[in-house]
Structure formats: C-alpha cells, structure tokens
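The model shown is predicted, which means the values in this text are computed figures rather than measured ones.
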Amino acid sequence: MGMPLRQSIRLGAFLAKQKLLRKEKFAILVELEPLFACNLKCGGCGKIQQPAHLLKQRMPVQQAVGAVEESGAPMVSIAGGEPLMHPQIHEITRILLERNKIVFLCTNALLLSKHIHKFKPHRNFTWMVHIDGLEEKHDASVRKEGGFQAAVEAIQLAKSKGFKVMTNTTFFNTDTPQDVIDVLDYLNDVVKVDNMQLSPGYAYEKAPDQEHFLGVQQTRELFSKAFADGRRKKWRLNHSPVFLDFIEGKRDLECTPWGIPSYSLLGWQRPCYLLDDGYAKTWRELIEETEWDKFGRGKDPRCANCMAHCGYEPTAVIATTSSLKETIRAAVSV
C-alpha cells in the first residue's frame, strides 16, 4: 500500500500548480525543528551535540509558522530534538492546521501521554512515533530501557482518542531482512498504526555512532529481501512505489534536496537535513544562492551512501506525477 489517498491528492494538486507556474525548485514538505533539545541520547542522532546555549532555545511560534508559510510547502514534519519539550508546540501545530497544512508531529512518545490533552484529532494531523525495531533493538538504539513499551502504549493511547498515528523506523547495517519484516509486521498487524515510514540509516556526521550506517548496496540487499514474496504490498507504507523501487535497487533516482528542506533555530540548512554547509536566513536565499548541482551521489563524496527519504522521496513523487503509468500504479496501491 502507498500514501494515504488524501495526502496523494493534495500532493498531486500542489505539483500540478508548480508545473503551471513553471517553478523548478519548490518545497513539498518542511522539516521544522523548533528546538534541538531532546530527552533521549540516540546513537544515530547528533542533535543534542549542539552548544548548550542552543539546546536551551525554543523557536517562537510566529517564526516557526512564518518559515513554513514562506516556503509554500503543503506539508510540515515537526521534529527536533523532541518537539513535545517545546512549551508552545501545540500552538504551532494548531496554527499550521488552521492554515491548511498537513502536519506530522515526530516524537519518541515518552512525553505524549503528558501532553496529548493539548491536541485535538484533525484530518490533517498525524502523530509520527519513532520505532527503531522491536523492543531489544529499539531500546538499544534510543539508549533507554523501556522506551519501546512506552512508545507502543503512547500509540495505543493516541489511537484510542481518535488520532491518526504513523511510525518512522530507521534501519542500520546491524539489521537483517527478517528484522525489517518483524517490526513492520508488528506495527502493521498488531499495533495497527495508520501508516509506516522507513529509512536507511544515513551518515549523519554528528551522530555518536558512526559504525552502523548503511551503504547503497547494503540498503538495496536489505530491502529487496525484506520486500520479497509480496510483503511490500501488504504493509501500509507511507511512501510512493517509485521510492520503494529505489531503495530496493529496481531503479535509480537523482537527489532533490530542495524538496524537503530543513528549517531550525539556525535558519534554512544548506543543502539538506543531513549535510551542514551553512544556513540561509530566508527561503529565497536558500533556493537562489545554494549550488544545488554540486550535491548528490557521484557529485559530493558525503552523499555516496545516502538513500534517505529527505533527498529521494521528492524525486520519486515528482517522477510519479510526471508519468501516467506511475500515477495509476500509485493510485492502485493506495
């Protein structure tokens, strides 16, 4: 299964508009980071490596909303750090929903039960809970015993209150195809989340653990085996068929880092969420003054092993809407 129908229709209309306006570079989804602070110390993430004065800062509501509006993106993924540590995160979410944005609030879910009363179910709002494997692997990844059980209980609580819930799972070179199958089966069939996202572990340079990121060939082998025997079709994956083809090695794609830009306390990150080549103060500055042609596999050595969603899903979505065959294929998979 592919992206939810409502999300697919919204994306299709947005991309058609960009084509009519003859825009070559545009944001499909903004990765909004209104803080860097977190209540976990995950091995594959380096956000809390930021200086102490930055870890204490919280982005003002109007700055967060203004950045999303400036970009024109129809979708927002609110991350961090842990966004539920931001005292006004519910206000940021509410205003974005009022402005007709599709909002995903990414969380490790440890604080969800404490703050869920500040939110209301909405057709454009989804909790995105990080689940990095089944219990043993998840707890080791987030470096907290009991983290997995707390996240599952939070998912069940949110669903009982009428919220949509998705999960996001990152896989590393310590994972086997069976590990992928087991966690996706569990989330799909037992926990019954609405949709699931997955990502190959990317070489995030500030991450404490630099030994377990996947290479391109490892990624293709992992997912081609996990997706075999028709399993890919039964899982409620929040990805286009083209992107799933890409990570299992059935086709190649060019990176379009401007499609899912990152905005944080430091500004618009160049050129993407994973690389840190400075920051732009405005969306226009990011688009017009970044040398986009220098990035991607075969161009920048830092990109050699990257197959991350933030760079390649926009390419896949654009490829889907540009092809009648792929559009029909995506519609059938919903």
Side-chain angles (χ1 to χ4, degrees), residues 3 7-8 10-34 59 63-79 96 101-104 106 197 199-200 202-205 238-240 242-243 246-247 251-323 326:
M3 295 180 179
Q7 182 180 331
S8 298
R10 182 75 177 275
L11 272 177
F14 173 78
L15 293 172
K17 181 179 179 180
Q18 306 315 301
K19 189 172 183 179
L20 286 172
L21 294 173
R22 298 184 178 180
K23 285 189 177 181
E24 293 184 359
K25 294 181 175 63
F26 44 82
I28 293 173
L29 177 148
V30 170
E31 292 275 4
L32 177 65
E33 298 180 319
M59 187 180 293
Q63 181 183 345
V65 174
V68 176
E69 290 281 37
E70 179 190 13
S71 74
M75 301 193 297
V76 188
S77 176
I78 306 177
L96 289 171
K101 304 298 181 181
I102 294 175
V103 180
F104 305 94
C106 303
Q197 281 192 180
S199 179
Y202 42 75
Y204 186 60
E205 65 180 6
N238 187 48
H239 295 286
S240 65
V242 171
F243 178 76
F246 168 68
I247 63 170
R251 66 183 296 166
D252 205 4
L253 297 172
E254 291 288 325
C255 177
T256 49
W258 39 263
I260 302 184
S262 174
Y263 183 79
S264 72
L265 291 163
L266 297 172
W268 293 100
Q269 187 169 334
R270 286 194 175 105
C272 69
Y273 175 75
L274 305 178
L275 300 182
D276 189 353
D277 285 5
Y279 295 81
K281 291 183 179 180
T282 66
W283 168 250
R284 183 174 180 178
E285 179 186 335
L286 175 74
I287 291 300
E288 295 182 357
E289 299 182 20
T290 303
E291 297 182 76
W292 299 105
D293 292 340
K294 289 187 175 181
F295 303 103
R297 280 190 284 123
K299 300 175 182 178
D300 188 317
R302 295 172 298 175
C303 305
N305 287 315
C306 181
M307 298 183 77
H309 168 260
C310 62
Y312 292 97
E313 184 71 89
T315 320
V317 170
I318 294 168
T320 298
T321 58
S322 300
S323 164
E326 292 297 346

Flag side-chain contact, heavy atom, 4.5 Å: [X] against [Y]:
X      : Y      : value
Glu70  : Tyr263 : no
Ile247 : His239 : no
Ile28  : Leu15  : yes
Asn238 : Gln7   : yes
Val30  : Lys101 : no

For [X], which residues count as a side-chain contact (heavy atoms from CB on, under 4.5 Å) partner, sequence neighbours excluded?
X      : value
Glu285 : Arg270, Ala280, Lys281, Thr282, Glu289
Pro257 : Cys255, Cys272, Trp292
Thr256 : Trp258, Pro314, Thr315

Over 12 non-hydrogen atoms of neighbours within 6.0 angstrom of CD in Glu291: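 No.
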Can you establish whether the number of heavy atoms outside Glu254 located under 6.0 Å from its atom CD is more than 12?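 Not buried by this count: 12 neighbours or fewer within 6.0 Å.
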What distance do [X] atom [atom1] and [Y] atom [atom2] have between them, rounded to the nearest 0.5 Å?
X      : Y      : atom1 : atom2 : result
Ile260 : Ser71  : CD1   : OG    : 12.0 Å
Ser77  : His309 : OG    : NE2   : 8.5 Å
Gln269 : Leu275 : CD    : CG    : 8.0 Å

What I want to find out is whether Asp277 reaches Arg302 closely enough, with some N-O distance under 4.0 Å, to be called a salt bridge.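 So Asp277 pairs with Arg302 through a salt bridge.
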For a quick test of your reading: what N or O donor-acceptor pairs under 3.5 Å do the side chains of residues 16-27 make, sequence neighbours left out?
from  : atom 1 : to    : atom 2 : distance (Å)
Gln18 : NE2    : Phe14 : O      : 3.3

Quick check: closest heavy atoms across Arg297 and Cys303, and the distance to 0.1 Å?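 Answer, listing the atom of Arg297 first, then Cys303: CG-O, 2.7 Å.
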If you take all heavy atoms of Glu313 and Phe243, which pair is closest and at what distance?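 Closest heavy-atom pair between Glu313 and Phe243: OE2-CB, 3.3 Å.
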Test ring-ring contact (aromatic ring centres under 6.0 Å, His included) applied to Tyr312 - qualifying residues, sequence neighbours left out: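 Phe246.
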Trp283: what forms a ring-ring contact (aromatic ring centres under 6.0 Å, His included) with it, not counting sequence neighbours?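 In terms of ring-ring contact (aromatic ring centres under 6.0 Å, His included), with neighbours along the sequence ignored, Trp283 is linked to Trp268.
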Set of side chain to side chain donor-acceptor pair (under 3.5 Å) partners for Glu69, sequence neighbours left out: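 So Glu69 forms a side chain to side chain donor-acceptor pair (under 3.5 Å) with Arg99.
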Non-neighbouring partners of Arg10 that pass salt bridge (Lys or Arg N to Asp or Glu O under 4.0 Å), sequence neighbours left out: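 None.
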With no hydrogens and no angle check, is any side-chain donor or acceptor of Glu33 less than 3.5 Å from a backbone partner on Leu265?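 Here the side-chain-to-backbone pair does not exist.
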